[in-house]
Amino acid sequence: MADRRRINGPVGTTNPPIYDDAPEKQSEGVKVARSRPANVIRRMYLKTGVTPSASGSAYLEIESSGNGGSGLKLSCSVHGPRALPRSTPFSPHIILSTHVKFAPFATKQRRGYIRDPIERDLGTHLETALRGSIIADRWPKSGVDIIISIVEGEQDRETSKAQGIEAWDTMNALSGCITVASAALADAGIDCVDTVAGGVAALVQDAGDDAAPSIVVDPIPSEHEKVLAACCIAYLPTRQEVTNLWFKGDLPASDMDVYTQLIEKGIQASKSANRVLVDCLNETVG
């Protein structure tokens with residue numbers, strides 16, 4: 001006997017309605033011009049204390065590009081510090097565990113429940129970035145778990161694979177993970193030497209063969225003709241230290257000025273994100 005109280009969804013896949021021309025142009029491979037200045041990051045919303053059951057939590061939302069794409073939405077929860085099992089070997093420092101996972105509905109192409117290599121790489125880079133900011137010797141033989149769920153991806157995964165820009169979108173996701181995890185650690189009361197924030201800079205080639213490559217911060221790959229190289233930096237502004245540097249691209253090793261400029265622009269982007277982080281923590285304390 002059928003359950004008349006339940007409304008079943010369609011058997012096949014469905015497409016959401018489109019009300020403007022921007023998504024159609026994006027699906028056809030037409031690049032939408034960048035409306036922001038090259039040295040300005042997108043606006044972001046950051047709030048702590050969103051998960052009462054966790055020791056600390058934070059939620060980060062970055063605005064969409066304005067060309068029909070979606071923004072980046074991340075949720076982070078911190079559990080610990082907690083005592084490790086007695087069978088665990090003694091450690092004079094806290095044991096940090098990071099877990100980054102895309103929600104199954106984060107992109108149009110449904111994600112699996114088991115972490116793929118991209119998500120494991122994000123967790124490894126996040127652990128390296130946070131390990132340089134936590135005062136680890138305050139909690140011997142203790143552990144802390146940092147769990148980040150990417151609620152909404154910044155780019156449709158199917159479109160990213162078709163355009164070959166999935167690796168660049170991953171850098172933007174890592175930058176957001178670093179910032180939201182730093183806010184959640186502060187909300188959990190875990191002592192850190194400084195607030196670490198993530199920033200991304202990229203060397204892009206816009207439409208036209210005569211146009212020279214330029215460096216932009218907080219890049220959106222779908223807005224540019226080609227991304228030549230990019231770097232994601234985790235930076236401690238007060239101590240002026242870099243805890244993690246992830247560089248990807250195809251540049252000649254002899255052109256060191258481009259590498260230096262990319263790192264400087266990445267630090268500039270991380271400083272801008274850090275100002276949002278500090279303002280959010282000040283509002284929480286106040």
Side-chain angles (χ1 to χ4, degrees), residues 34 36-46 58 60 62-63 65 72 74 76 98 100 121-122 124-135 148 154 167-186 192-205 212-221 223-224 227-282:
R34 179 186 173 102
R36 291 179 291 117
N39 58 347
V40 176
I41 66 173
R42 288 170 291 171
R43 292 180 297 178
M44 59 178 61
Y45 171 79
L46 182 62
L60 175 65
I62 302 177
E63 70 171 352
S65 59
L72 186 64
L74 306 98
C76 177
T98 57
V100 179
D121 289 343
L122 288 175
T124 302
H125 285 287
L126 178 63
E127 180 182 355
T128 304
L130 298 178
R131 192 176 296 277
S133 64
I134 297 177
I135 305 178
I148 294 181
E154 190 173 29
W168 315 121
D169 291 331
T170 305
M171 286 193 170
N172 289 334
L174 175 61
S175 173
C177 289
I178 295 172
T179 304
V180 72
S182 179
L185 286 173
C192 299
V193 296
D194 196 2
T195 54
V196 60
V200 181
L203 180 67
V204 298
Q205 176 76 47
S214 59
I215 298 178
V216 298
V217 300
D218 193 10
I220 300 178
E223 294 181 348
H224 304 283
V227 179
L228 303 177
C231 69
C232 179
I233 293 180
Y235 185 70
L236 301 173
T238 304
R239 299 173 65 93
Q240 298 183 358
E241 294 180 1
V242 175
T243 59
N244 185 61
L245 174 61
W246 183 18
F247 185 90
K248 183 178 179 62
D250 187 10
L251 290 177
S254 59
D255 195 357
M256 296 302 299
D257 293 338
V258 178
Y259 289 92
T260 304
Q261 293 175 8
L262 276 174
I263 294 176
E264 290 177 354
K265 290 296 183 180
I267 293 176
Q268 177 185 346
S270 64
K271 287 181 178 179
S272 300
N274 187 79
R275 285 194 290 268
V276 178
L277 174 60
V278 172
D279 291 342
C280 174
L281 297 178
N282 289 334

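For the single chain, residues carry numbers from 1 onward in sequence order.
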Look at the rings of Phe247 and Tyr259 and say which category their plane angle falls in: under 30° parallel, 30 to 60° tilted, over 60° perpendicular.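 Phe247 vs Tyr259 ring planes: tilted.
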What heavy-atom pair brings [X] and [Y] nearest, and what distance separates the two atoms?
| X | Y | answer |
| --- | --- | --- |
| Cys231 | Met171 | N-SD, 4.0 Å |
| Ala181 | Cys76 | CA-SG, 3.8 Å |
| Ala201 | Lys265 | CB-CB, 3.6 Å |
| Trp168 | Gly249 | CH2-CA, 4.1 Å |
| Leu236 | Val193 | CD1-CG2, 4.1 Å |
| Ala234 | Ala129 | CB-CB, 3.6 Å |

Let's go through Glu63 and Arg42 carefully: what are the C-alpha distance in whole Å and the side-chain angles of both, what is the deciding distance for salt bridge (Lys or Arg N to Asp or Glu O under 4.0 Å) to 0.1 Å, and is it a yes or a no? CA-CA 6 Å; Glu63 70 171 352; Arg42 288 170 291 171; over 6 Å; no
Rounded at 0.5 Å granularity, tell me how far [atom1] in [X] sits from [atom2] in [Y].
| X | Y | atom1 | atom2 | answer |
| --- | --- | --- | --- | --- |
| Asp194 | Arg239 | CG | CZ | 7.5 Å |
| Ile178 | Ser270 | CD1 | OG | 9.0 Å |
| Gln261 | Gln268 | CD | CD | 12.0 Å |
| Ser214 | Leu228 | OG | CG | 9.5 Å |
| Leu60 | Cys177 | CG | SG | 9.0 Å |
| Ile220 | Asp169 | CD1 | CG | 9.5 Å |

Expected output: side-chain Ser182 to main-chain Ala197 donor-acceptor under 3.5 Å: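 No: the side chain of Ser182 does not pair with the backbone of Ala197.
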Check whether any side-chain heavy atom of [X] lies under 4.5 Å from a side-chain heavy atom of [Y], and answer yes or no.
| X | Y | result |
| --- | --- | --- |
| Trp246 | Asp121 | no |
| Pro219 | Asn172 | yes |
| Leu251 | Leu262 | yes |
| Val40 | Val217 | no |
| Thr128 | Thr243 | no |
| Leu126 | Leu122 | no |
| Val100 | Thr98 | no |
| Val227 | Val204 | yes |

